Protein chains: 2
Amino acid sequence: MKMRNSYTCPLELTHDIIRGKWKPIILWQLGKGAASPSALQNDIVGIGQKMLLQQLGELQNFGMVQKEQYEGYPLKVKYSLTEKGERMLNIIAAMQEIGIELMKEDGREEFLKNKGLI
Amino acid sequence: MKMRNSYTCPLELTHDIIRGKWKPIILWQLGKGAASPSALQNDIVGIGQKMLLQQLGELQNFGMVQKEQYEGYPLKVKYSLTEKGERMLNIIAAMQEIGIELMKEDGREEFLKNKGLI
DNA sequence: CAGCATCCGATCTGATACTG
DNA sequence: CAGTATCAGATCGGATGCTG
């Protein structure tokens, strides 16, 4: 993910962190608790291994996510939110809330009901 | 801006709306009040006319921004936030806040002071 | 199972030139 | 001043195959 070389405004930093098609949803999933890559890939519809690991790596670089590795076979790895990540999750949660409202106003209650969101 | 064809989660809708390098900063600027394209271009460092108008158009399609036109020459146009846009601005403001905190923790107080943010 | 490298098409962005 | 068209380069995203 290409980042700005310099920032005009702190807003842009936050935007860089959650930019990328999958970052918000990854954070959202991790908000439910630590998870392995394969578990995440199961939970996030449509994501491939490459994008998942790539974006997890970027979130790690931003200090939003941390990785734990365990010895032995089969390999076991666990990703989880850092404290910064938890704070960023507040933004994600707010985005979810607005998304729900916008969908309601747009007559998409059906979708929301199917997801158990209303 | 390419949008998802279908959504798994309301979060993704919100993400689509603020995706794009300039959308958050445009909303932020409009949060200060209605503005003409040329005024916005002055206030947003580095943006070109094409990107500005393109992203304003997309924000309009999402119902976040509205446009007012006046008759006569020189042409005069004013963009402003809609009610939905105002609500989205809450997200943007939260992004700004987190961005400020992250920069502080990252030792970039200098930058923030120069901007008058702390 | 976790992770990396590579290739390729789809998108995004920006510069420039042009219209009303 | 506002807005559109076009073109080229940079970036992104996804599929596939390979390694430990």
Side-chain angles (χ1 to χ4, degrees), chain A residues 1-8 12 15-27 29-30 34-62 65-80, chain B residues 1-9 11-12 15-27 29-30 34-62 65-80:
Chain A
M1 165 123 317
K2 177 68 183 338
M3 293 172 48
R4 297 165 167 86
N5 328 307
S6 67
Y7 292 97
T8 305
E12 300 175 331
H15 187 236
D16 271 357
I17 295 175
I18 61 173
R19 213 164 70 191
K21 186 173 176 185
W22 303 102
K23 291 219 178 61
I25 195 84
I26 289 174
L27 291 171
Q29 285 296 328
L30 289 178
S36 68
S38 52
L40 286 171
Q41 206 177 340
N42 274 324
D43 291 339
I44 303 176
V45 179
I47 197 171
Q49 188 194 32
K50 176 192 154 186
M51 292 312 295
L52 176 60
L53 292 172
Q54 181 179 309
Q55 314 236 355
L56 277 171
E58 290 169 4
L59 288 170
Q60 244 184 111
N61 292 337
F62 279 117
V65 162
Q66 62 199 166
K67 175 177 160 183
E68 262 183 286
Q69 291 194 66
Y70 305 87
E71 297 299 323
Y73 278 85
L75 292 176
K76 198 181 160 195
V77 173
K78 206 172 66 178
Y79 287 93
S80 58
Chain B
M1 165 124 314
K2 176 70 185 334
M3 293 171 49
R4 295 167 170 85
N5 328 308
S6 67
Y7 293 96
T8 304
C9 176
L11 180 53
E12 299 175 332
H15 187 237
D16 270 356
I17 295 174
I18 60 175
R19 213 165 71 193
K21 188 173 175 183
W22 304 102
K23 291 215 178 65
I25 196 83
I26 289 174
L27 291 171
Q29 286 296 328
L30 289 179
S36 69
S38 53
L40 286 171
Q41 207 177 340
N42 275 325
D43 291 338
I44 302 177
V45 180
I47 198 171
Q49 188 193 31
K50 176 193 153 185
M51 292 311 296
L52 175 60
L53 293 172
Q54 181 179 308
Q55 313 236 359
L56 277 171
E58 290 169 3
L59 287 170
Q60 244 184 111
N61 292 337
F62 279 117
V65 162
Q66 61 199 167
K67 175 177 161 184
E68 263 184 285
Q69 289 194 72
Y70 305 88
E71 295 299 321
Y73 278 85
L75 292 176
K76 198 180 160 194
V77 174
K78 207 172 65 177
Y79 287 92
S80 57

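Note that this is a predicted model, so its numbers are computed, not measured. Order of the sequence lines fixes the chain letters, A, B, ..., with proteins taken first and strands second; residue numbering starts at 1 for each chain.
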Give the nucleotide from the list dG3(D), dC1(D), dA2(C) with an atom nearest to the side chain of Ser36(A). dA2(C)
Atom pair distance, as rounded to whole Å: CD1 in Ile47(B) and P in dC12(C): 15 Å
Closer to the 5' end of DNA chain D via nearest nucleotide, is it Arg19(A) or Leu75(A)? Arg19(A)
Provide, to the nearest angstrom, the distance between the CD atom belonging to Gln41(A) and the P atom belonging to dA15(D). 10 Å
Using a cut-off of less than 4.0 Å, is there contact between a side-chain N or O of Lys21(B) and OP1 or OP2 of dT11(D)? no
Specify the separation, in whole Å, of atom NZ of Lys23(B) and atom P of dT13(C). 7 Å
Students often get this wrong, so: under 4.0 angstrom with heavy atoms, is Gln49(B) touching a base, only sugar-phosphate, or nothing? base
Nearest whole Å is fine: how far is dA2(D) P from Leu40(B) CG? 9 Å
With a cut-off of less than 4.0 Å, is there a side-chain N or O of Lys2(A) near OP1 or OP2 of dT11(D)? yes
From the options dC1(C), dT13(C), dG13(D), select the nucleotide whose nearest atom is closest to the side chain of Met1(A). dG13(D)
His15(B) side chain vs Ile18(A) backbone, donor-acceptor pair below 3.5 Å: yes
For Tyr73(B) and dG20(C), what is the distance between atoms OH and P respectively, to the nearest whole Å? 9 Å
Taking only N and O in the side chain of Trp22(B), is any of them less than 4.0 Å away from OP1 or OP2 of dC12(C)? no
Is a side-chain donor or acceptor of Arg19(A) paired with a backbone partner of Lys2(A) at a separation under 3.5 angstrom? yes
Considering just the side-chain nitrogens and oxygens of Gln55(B), establish if one lies under 4.0 Å of OP1 or OP2 belonging to dT13(C). yes
Grab the CD-P distance between Gln60(A) and dA2(C) for me, whole Å please. 14 Å
Can you tell me the distance, in whole Å, between the CD atom of Gln54(B) and the P atom of dA15(C)? 14 Å
So does Lys67(A) get a backbone contact from the side chain of Gln60(A), meaning a donor-acceptor N/O pair under 3.5 Å? no
For the side chain of Glu12(A) and the backbone of Arg4(A), is there at least one donor-acceptor N/O pair under 3.5 Å apart? no
Nucleotide dA17(C), atom P - distance to CG of Leu53(B) in whole Å: 18 Å
For the CG atom of Asp43(A) and the CD atom of Gln29(A), what is their distance to the nearest 0.5 Å? 4.5 Å
Would you indicate what Lys78(B) reaches in the nucleic acid, counting non-hydrogen atoms under 4.0 angstrom: base, sugar-phosphate, or nothing? nothing
Using a cut-off of less than 4.0 Å, is there contact between a side-chain N or O of Tyr79(A) and OP1 or OP2 of dG3(C)? yes
At under 4.0 Å, does any side-chain N or O of Ser38(B) touch on OP1 or OP2 of dA2(D)? yes
